[in-house]
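First comes the structure, then the notes that go with it.
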Amino acid sequence: MHRIEVRLKSHLPDARGTGLVKDIRDLGIESVSNVHVVDVYWLDAELETDTLDLISRSLLADPVTQQYRIVSTVSTGEETAAEHHVVEVTYNPGVVDPVEETVMKAVRDLRIEGVRAVKTAKRYLIEGRVDEVQLESICGKLLVNPIVEHIVGPDTVPFSERPRYQFQLNRVTVLEADEAGLAEVVREFGFSDPEFGAIVDYFREQGRDPTDIELETLAQTWSEHCVHKTFRGRISMGGQTIDNLLKSTIARATRELDKPWCLSVFVDNAGVIDFDGQWALCFKVETHNHPSAVEPYGGAATGIGGVVRDPLGTGLGSRPIANTDVFCFAPPDYPHEKLPPGVLHPRRIFKGVRAGVADYSNRLGIPTLNGAILFDERYLANPLVFCGTLGLMPYELSQRGQQQAGDFVVVVGGRTGRDGIHGVTFASEQLTEESGAVSFTSVQIGNPIVEKKVIDVLLRARDRQLYRRITDCGGGGLSSAVGEMAADTGVRVDLEKVPLKYAGLTYSEIWISESQERMLVAVPPECIDDLLQLFSSEDVEAAVIGEFTDDRRLRLFYHGEPVGDLTMEFLHEGLPQMQLEAVWEQPQYTEPDFPSPEDLGNTLCQILGSWNVCSKEWVIRQYDHEVQGSSVLKPLVGKDSDGPGDAAIIRPLLDSDRGVIISNGINPKYGEIDPYWMAASAIDEALRQIVAVGGSLERVALLDNFCWGDTRRPDMLGALVRATQACHDMALVYGAPFISGKDSLNNEFEYEGNIVAIPHTLLVSAIGIMPDVNRAVSMDFKQAGDLIYIIGETRSELGGSAYLATGGLVGNSVPNVDPQRAKALMDSLSAATARGLVRACHDCSEGGIGVALAEMAFAGGLGATARLKDVPLGEPVDRDDFILFSESNSRFLVEVTPENRDEFEKTLSETVYTVIGQVMDSEVLEVYGLNGQPVVNKPIADLKEAWQSPLRW
Amino acid sequence: MSKVRVLVLRAPGTNCDIETAFAFERAGAESSLVHINRFVGGEQRLSDYQVLVVPGGFTYGDDIAAGRVLANELRLGLGEDVQRFIEGGGLILGICNGFQVLVKAGILPGPPGTASTPLTLTDNDSGRFECRWVYLTVNQDSPCVFTRGIEQMFLPVAHAEGKVVVTDDGLPDANTVLFYTDEQGNRDAGYPHNPNGSVEDIAGICDQTGRVFALMPHPERFIRGIQHPQWTRREATEHGDGFRVFQNAVQWAGGI
């Protein structure tokens, strides 16, 4: 075994180390002056010193910036001075650092043979006097996550022996089991009583006990994550019965709207719409919450990796062209001492999730263009990580394929390891203090380059028509992917043919492993040689693991031994429908009864500087939003490219000016008052943003992502029902169908006997087609002297607002939506932008008119005046603060040049609008109250500073 | 007259290949996206092309160091072919990850086969990957054929390891092509104008022939006026600043 340590030459600044010093200061430890990071490579080989020098010089260490040394064991060496501390961290056995594989390949490129394995570690040299407690805090809070890593001790053996697997068929006693035995099986596989009853009946009919792999297959296939049984359940609420919530609300609106441009909805891995008659767009957003809670970096990375495979596995495969990410965390300044055991600090989760998503997305070369980050203490143990991907494919390939009996089952891409086993059941379960400890196999460090290679080669195989059908390996692994694909035909699988990362996996583990970067294709026999040759030519693994049959059975073998045999009918139709109770009662909160502050400028700064509203530039800049050369309207806009754009616009085809607008709407605060209006507001917000950037409602498709607490509790389910009803009602009037969706229920955490559920959270993601991107409008003020219009009515709707939140209040007057009027308003505004009459447009959302005005002003580097007495009201409102910060929906601020005034007003004649002010070159925002006295008088630099400073990390 | 043939080299982790190929096609060339295995395996030859592009991306995940693994592959698998390609008058363009690859393969500042390299690209001073637009000023004394007639450009960067570091021997002035500057063209403008802390604000370099050029910013991402981050604030121009780089390459390779 050899060990090579690589570090920066001492005169060079260590950017990684400097970042850590900052993080250590954030922990309140001031005594650390420097951190140096050393990269450690262990090679399992017997090599000459010359050879090791060659590897170090020409591969591992940069000759200009780095130095290396070759040592035989874990060194104590040079850094033993009292004020220095050394911590070395490596991944746990079974967790594979992608770098290891790359080093193996690169060493072979150097024509060096005999390296059996590579293992990496990070060695931190910490300069400064810290005591043991502080060092432990640095390790525990920054350097090591025990879920995937451990500290290297003097006895660490980097290359551990893997246990060999001796085949033994495991039958589970069910037919003759006593009650205790049955209870044990139910608990182990997580079945409900009715589900297990159906299983026992099935095997009684078969006259035998099930094998473990059969029960695993049923547990995965019937999991909430895979089959959405709550949404398909039978719910009684207020004397009414809802048979299948999805079909009777969200999907029903889609069916009723019956848009001809909806090409594939709710049937494939993503929803598909027509882009221009020759190309189709597909869109999907998923969550990866639980894994991100325990290992933020790996969990979030595999989240984005997973959702990218959805469009890739839709129709006959689409090319990913844009990503969107929405995160919900607890506030980053949450006190460390209040943190429950086993829960990572929100700042660490935030940083880890951000890095995981950015590293994976950037490496795949997919621009990340849209997103949001929200904060609430109840996301402490259950952070939410929504990742979405937009794909582009030829129109004629938009329908799901159909394999034939005799076609081969081919798994392509990454190898299978013990990764993410029981990830699906984990995803559907409540987190506890021990979740970290028991769930370690659920998290994997993703390998984006393997996925990138898969995308590149699969799309080439698609264009050569080398396969008949495709799907991704996601939750439930092969068990779900193969089981689902073969539902109408039947399949036999030889599990030993699945390529493994390492030996020692049981046949069951191979079947349910959720190792990333794998896709499944059905390949006709006449194409198999070409397909295998193509994959091999780009160094991507492809393995035939079985073939499709026509017996409608799932038959599993391991080295010829039958290990599982289920009918497709039972697997896919045997799940008893869930019977659920739901209730809904609107909660009552304290009404605000404080007087309006005299100087609303400070209040405005306070709202601008709140976690939810403040600039997210620190995150956005670390995403590549320019790759693929498609961006038309970027996430950061304005004079200095730092203003908050409403929605992103891309041109998917480089030689066309037809565009896609991507936006989202989310506001869990409203859900505390009424989930119906939360959902309605989220839809309105997503649509507002599309209209604000110059789009229209002509062709807009929506996705729903529900993240909820435990819906087995009637009040939780009642809230969900309310939200889905709003989705139906709004979609229908706006004419914007939902095309796909996903839910993550059970986001709760138990701590000291208390259950903390996340706020009801619905993310609505939208895509809108824009015929000509040259009509795009950004939100920044363009020119002094222009008029500022407000479109839409303002009401005293402060419930759940950012303003009330500054005083710790919720209130009750949640913003409502009148979709008929809102649609008419949006249509006329779209007509105005299409005619080039709008110079800037920004929707009013969190923080209302006040925040929107401030953002438009500092993004454009221009001042503005506004008069609250001219704001059109939908009901009497006599308070300046309420008018300025109300979050009434369906409102826009619009900049129009004076010469376009008449034409603009003519175009908007059917809607409510007024001029409330003017763009100024004063660099000050002045707002006058109902009595004509100034209520805000702030330099835009101060407003911008308040908005930018919180997340300037 | 036949079109100039451009090879956009693909490798595991390449990701700016499509838009780079498009930029060359817009400029009148014929682009091919070909996997490096085709050349290492001998099925295709570099000499069939007039322009070789190593596009942006994260080849091999930037594992170990950005561009390092593909650089070794290129040097050991195609070193002589690349040398002959340059000697035969071919043009080579490295963008972002391609810059990192060409430097680490010893192709830049060149000539290939030079024992020690006087520079490398390393972690940004910020310690972060950053995507932002930067002002660039062209060194009018450089022999670079890609930047002829260009004085200034505004282009996006998107990288984590773009800081140019040179050894004490330094880099001859003629090899430096692009500098990060402020809008007025002043060097020493500091972060974020110089987004990564590159010494002497170096953003792009060429070899002594001027036919091998590499830069961290992405000219292929600013071909059209509506790719400019502030185009909604003014009239969008038809072409973006990056387009001239491709036009120059195609004109040179076409013998114009």
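Just so we're on the same page: letters track the sequence lines, and every chain starts at 1.
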Does any heavy atom of chain B fall under 4.5 Å from the side chain of A:R108, the backbone, both, or neither of them?
neither
Do you know which of A:R111, A:H625, A:Q783 has the most heavy-atom pairs with chain B at a distance under 4.5 angstrom?
A:H625
Looking just at side-chain N and O atoms, do A:Y41 and A:E5 make a donor-acceptor pair shorter than 3.5 Å?
no
Residues of residues 195-204 of chain B near chain A, each having a heavy atom less than 4.5 Å away:
none
Where on A:V637 is there a heavy atom nearer than 4.5 Å to chain B: the side chain, the backbone, both, or neither?
neither
Region of A:S631 that comes under 4.5 Å of a non-hydrogen atom in chain B:
backbone
Could you check whether any side-chain N or O of A:Q628 sits under 3.5 Å from a backbone N or O of A:G365, counting only pairs where one atom can act as donor and the other as acceptor?
yes
Is there a donor-acceptor contact under 3.5 Å linking the side chains of A:T102 and A:K105?
no
Output yes when a side-chain donor or acceptor of A:Q622 lies under 3.5 Å from a complementary backbone atom of A:R354, and no otherwise.
no
Can any side-chain N or O of B:E43 pair as donor or acceptor with the backbone N or O of B:R38 at less than 3.5 Å?
no
Pick whichever of B:A158, B:G41, B:G61, B:G57 has the most heavy-atom pairs under 4.5 Å with chain A.
B:G61
For the interface with chain B, which of A:I620, A:V540, A:L110, A:L633 has the highest count of heavy-atom pairs at distances below 4.5 Å?
A:L110
Where the side chain of B:N194 meets the backbone of B:A189, is there a donor-acceptor pair that is under 3.5 Å apart?
no
Using a 6.0 Å cut-off, check whether atom CD of B:Q184 has over 12 heavy atoms from anything other than its own residue.
yes
Hey, what do you get for CG (A:D109) to CD (B:E73), rounding to the nearest 0.5 Å?
5.0 Å
If one checks every heavy atom of A:V773 against chain B at 4.5 Å, the contacting part turns out to be both
With a 4.5 Å cut-off on heavy-atom pairs, point out which of A:R839, A:R16, A:K453, A:R363 contacts chain B the most.
A:R363
Just checking, any donor-acceptor pair under 3.5 angstrom between side chains of A:Q533 and A:S537?
no
State whether a side-chain donor-acceptor pair under 3.5 Å links B:W133 with B:Q230.
no
Rounding to 0.5 Å, atoms CZ (A:R460) and CG (A:L534) come to a distance of 8.5 Å
Hey, does the Lys NZ or Arg CZ of A:K22 hover above the aromatic six-ring of A:W953, less than 6.0 Å from the centre and inside 45° of the axis?
no
Atom pair CG (A:L54) and CG (A:L60), whose distance is rounded to the nearest 0.5 Å:
10.0 Å
Is chain B contacted by the side chain of A:D39, its backbone, both, or neither, given a heavy-atom distance below 4.5 Å?
neither
Check B:V82, B:L9, B:L74 against B:F39 for a side chain to side chain contact (heavy atoms under 4.5 Å, CB included) and give me the one that passes.
B:L9
What's the separation between atom CZ in A:R658 and atom CG in A:D772, rounded to the nearest 0.5 Å?
10.0 Å
Structural part of B:P156 lying under 4.5 Å from a heavy atom of chain A
side chain
Within the 3.5 Å criterion, strictly below it, is a donor on A:Q66 or A:R7 matched to an acceptor on the partner's side chain?
no
Proximity breakdown for B:F22 and chain A, heavy-atom pairs closer than 4.5 Å:
side chain
If the threshold is 4.0 Å, N to carboxylate O, is there a salt bridge linking A:E626 and A:K634?
yes
Chain B: which of A:L8, A:D456, A:V627, A:L12 shares the most heavy-atom pairs with it under 4.5 Å?
A:V627
Segment of A:F781 engaging chain B (4.5 angstrom heavy-atom cut-off)
backbone
Hey, what do you get for CD (A:Q67) to OG (A:S56), rounding to the nearest 0.5 Å?
12.5 Å
Is there a donor-acceptor contact under 3.5 Å linking the side chains of A:S361 and A:N323?
yes
Taking side chain as everything from C-beta outward and backbone as N, CA, C, O, which of these in A:A61 sits under 4.5 Å from a heavy atom of chain B? Side chain, backbone, both or neither.
backbone
Applying a strict 4.5 Å limit to non-hydrogen atoms, the region of B:T120 in contact with chain A is both
Determine the option with the most heavy-atom pairs under 4.5 angstrom with chain B, choosing from A:N362, A:L636, A:V777.
A:N362
Please flag which part of A:Y623 lies under 4.5 Å from any non-hydrogen atom of chain B: side chain, backbone, both or neither.
backbone
Assess the side chains of B:Y60 and A:E101: does a donor N or O sit below 3.5 Å from an acceptor N or O?
no
Of the backbone (N, CA, C, O) and the side chain (C-beta and beyond), which part of A:P448 lies under 4.5 Å from a heavy atom of chain B, both, or neither?
neither
Under 4.5 Å heavy-atom distance to chain B, tell me which part of A:D359 shows up: side chain, backbone, both or neither.
neither
Most heavy-atom pairs under 4.5 Å with chain A, out of B:N72, B:L119, B:T167, belong to B:N72
Do you know which of B:L70, B:T20, B:T14, B:D123 has the most heavy-atom pairs with chain A at a distance under 4.5 angstrom?
B:T14
Would you say CD of B:E19 has more than 12 non-hydrogen atoms from neighbouring residues, nucleotides or ligands within 6.0 angstrom?
yes
Measuring heavy-atom distances to chain B, does A:D14 have an atom under 4.5 Å in its side chain, in its backbone, in both, or in neither?
neither
Give the member of A:T120, A:D657, A:V6, A:V103 that has the highest number of heavy-atom pairs under 4.5 Å with chain B.
A:D657
Sorted by number, residues from residues 219-226 of chain B in contact with chain A (heavy atoms, under 4.5 Å):
B:R221, B:R224, B:I226
Region of A:N774 that comes under 4.5 Å of a non-hydrogen atom in chain B
both
Which bit of A:L364 comes within less than 4.5 Å of chain B, counting heavy atoms only: side chain, backbone, both or neither?
backbone
Taking atom types as modelled and ignoring hydrogens, do the side chains of B:T59 and B:R68 form a donor-acceptor contact shorter than 3.5 angstrom?
no
Quick check on B:H228 against chain A: is it the side chain, the backbone, both or neither that has a heavy atom closer than 4.5 Å?
backbone
Can you tell me how far CG of A:D640 sits from CZ of B:R132, rounded to the nearest 0.5 angstrom?
11.0 Å
Give the intermediate values and the outcome of side chain to side chain contact (heavy atoms under 4.5 Å, CB included) for residues A:K782 and A:S778.
CA-CA 9 Å; A:K782 305 293 187 305; A:S778 59; 3.0 Å; yes
Of the backbone (N, CA, C, O) and the side chain (C-beta and beyond), which part of B:H35 lies under 4.5 Å from a heavy atom of chain A, both, or neither?
side chain
Any donor-acceptor pair under 3.5 Å from A:D539 side chain to B:P12 backbone
no
Are there residues of residues 95-108 of chain B whose heavy atoms fall under 4.5 Å of chain A's heavy atoms? If so, which?
B:K104
Sorted by chain and number, sequence neighbours left out, side-chain contact (heavy atoms from CB on, under 4.5 Å) with A:K639 holds for B:R233
